[in-house]
Amino acid sequence: MITLDTIRKPVTAELEAYDHFVERQFTAEGELLNEMLRYALSSRGKGIRPLLVMLSAALNAPVKGASTGRRACLAAMLVEMIHVASLIHDDVIDESDTRRGRASVNARWQSHKAVILGDYVLARNLAIGLQSGQFDLVTHICGSMATLCEGEVQQAECADTKAMTRQSYLDIIYKKTACLLGVSASAGALAVGATRDKVALMRRFGEALGMAFQIQDDILDFQPRSHTGKPANNDLREGKITLPLLAVLERVPAERRAELVERLDRCREQDGAVDYLQRVVENEGGLDYAAEVMRGYVTRAAEMLAEYEPSDCRKALVDLCSYIAERDR
Ligand code: FPP
Ligand code: MG
């Protein structure tokens, strides 16, 4: 399987510059706030968004090396910190105790402090962006914050009503994940002065990759905890209908559908209901079906890169597509 380390190779210097940039810029006043911030930033996960920014910047740079500049670092920081803040808030909303195999911020310092930390990350992010004077990048990237919130509210609404349709599912995952990946890929191109067409192309590429990324996340949610560092079947416990379950619900007769939805209603309190639905989704092809839809997005994303001449960076982005489809955590 392709590893992220291999994919990072063509932009190792750029990612190092980005790490130093964040270290220098992202500081906090006050001992507790600083401790919480260091904790949140010390486990930044896979770093897909900064990687996407840097690969796209390098792919679209007019001359080799032009992507190591301050604008690409700033773009990578802006997208990653929106992501970091959204996960801190998401764990409060989902009442989740673990993130990436360790205690979530809310589990360690309580929810009220986690909310403030998420706000602080967003506030610092915006302040650093505005102080830089790179208003095109700030405008391009920060619009996605509202979209993320819209997706989160739509998801909560659907979990309450259990009235999920294919269209709402796709709309939600676009807003909560694909939009920010599209913004990341296009921001890399924008940072190095790519044409409007290329910026738009990279946005569509990132969005297709993002749709695949979230569907794979929803598939992995049905896997045991050891793989992902998150509790298994979290979505079922939260009453969320994601593609693997939706695919089953779409295929069964109305009576059976009502029965399965009724079981989902009981998942918050009953492990038995969770196990039952987990088995149904697996045995009735929900996971296989979702994987097929996911691969469709990945293929479309990879095909979009045919517009570019072959290069290390284009290959790394194609590899990133395969990684997203094959990842198990
Ligand atoms: C993880 O989803 C959550 C998101 C991708 C987005 C969350 C967005 C908000 C909480 C809105 C706030 C927005 C900002 C900008 C602060 P998940 O719960 O399906 O995945 P998980 O299993 O990793 O928790
Ligand atoms: Mg969550």
Side-chain angles (χ1 to χ4, degrees), residues 37 40 43-49 77-107 111 114-126 129 138 141-159 164 168-184 206-207 209-225 227-246 267-268 290 294 324 327-329:
L37 183 67
S43 151
R44 266 183 278 146
K46 294 181 274 292
I48 299 280
R49 291 154 191 82
M77 183 202 73
L78 289 171
V79 294
E80 185 63 355
M81 293 306 157
I82 291 172
H83 174 61
V84 167
S86 77
L87 292 185
I88 295 172
H89 282 176
D90 183 67
D91 286 337
V92 173
I93 295 167
D94 293 347
E95 297 175 19
S96 180
D97 289 345
T98 46
R99 168 72 59 189
R100 293 168 187 152
R102 62 180 201 176
S104 59
V105 176
N106 46 305
S111 292
V115 170
I116 298 292
L117 179 65
D119 290 343
Y120 188 77
V121 169
L122 289 179
R124 286 285 296 138
N125 208 29
L126 260 181
V138 178
I141 294 167
C142 291
S144 62
M145 289 192 287
T147 311
L148 255 80
C149 296
E150 287 158 17
E152 192 66 17
V153 171
Q154 231 169 300
Q155 177 173 270
E157 238 180 330
C158 286
M164 183 64 90
S168 348
Y169 172 77
L170 294 176
D171 201 31
I172 289 169
I173 68 168
Y174 169 77
K175 285 174 175 160
K176 66 182 250 192
T177 304
C179 176
L180 191 57
L181 265 76
V183 161
S184 305
E207 285 175 354
L209 195 67
M211 294 298 281
F213 187 88
Q214 188 56 49
I215 296 172
Q216 182 65 359
D217 216 57
D218 293 341
I219 294 171
L220 290 175
D221 199 82
F222 285 85
Q223 313 293 330
R225 171 202 191 108
H227 277 303
T228 58
K230 296 187 236 177
N233 300 313
N234 230 1
D235 290 339
L236 290 176
R237 278 177 226 283
E238 289 163 15
K240 283 186 203 161
I241 300 175
T242 60
L243 190 56
L245 175 58
L246 184 61
C267 280
R268 229 174 245 282
M294 182 270 296
I324 299 274
R327 76 192 173 100
D328 63 358
R329 61 199 70 221

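Note that ligands are numbered from 1 as they come in the structure, with each ligand's atoms numbered from 1 the same way.
Under the side chain to side chain contact (heavy atoms under 4.5 Å, CB included) test applied with V121, the options H83, H89, E80, M81 reduce to a single match, M81.
Geometrically, ligand 1 and K240 share a nitrogen or oxygen pair separated by less than 3.5 Å. Of the N or O atoms in D90, one or more lie within a sub-3.5 Å distance of an N or O in ligand 1. In terms of N/O distances under 3.5 Å, ligand 1 is not approached by S86.
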### Criterion side chain to side chain donor-acceptor pair (under 3.5 Å) on Q223 and D328, from CA distance to verdict
CA-CA 9 Å; Q223 313 293 330; D328 63 358; over 6 Å; no
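To the nearest 0.5 angstrom, T242 atom OG1 is 9.5 Å from D217 atom CG. Note that NZ of K240 is 9.5 Å distant from CD1 of I172, once rounded to the nearest 0.5 Å.
No donor-acceptor distance shorter than 3.5 angstrom exists from the side chain of Q154 to the backbone of D171, with no hydrogens or angles considered. A donor-acceptor distance shorter than 3.5 angstrom exists from the side chain of N106 to the backbone of D91, with no hydrogens or angles considered.
For ligand 1 and R99, the ligand atoms under 4.0 Å from any heavy atom of the residue are 21 (P), 23 (O), 24 (O). Each of the atoms 2 (O), 5 (C), 17 (P), 19 (O) of ligand 1 lies under 4.0 Å from some heavy atom of K176. Against a heavy-atom cut-off of under 4.0 Å, L122 is close to the following atoms of ligand 1: 16 (C).
Using a 4.0 Å cut-off between a side-chain N of Lys or Arg and a carboxylate O of Asp or Glu, R237 and D221 do not qualify as a salt bridge. At a threshold of 4.0 Å, the pair R99-D90 counts as salt-bridged, since one of the basic side-chain nitrogens sits closer than that to a carboxylate oxygen.
With sequence neighbours excluded, the residues satisfying side chain to side chain donor-acceptor pair (under 3.5 Å) with S168 are T165.
Counting only protein N, O or S atoms, the number found under 2.8 Å from the Mg ion (ligand 2) is 2.
For the pair I141 and V183, the tightest heavy-atom approach, listed with the atom from each and the gap, is CA-CG1, 3.7 Å.
Looking at I93 against ligand 1, only its side chain comes within 4.0 Å, counting heavy atoms.
Note on ligand 1: N234 sits outside its first shell, no heavy atom being nearer than 4.0 Å. Ligand 1 does not have G118 within reach: every non-hydrogen atom of the residue lies 4.0 Å or more from it.
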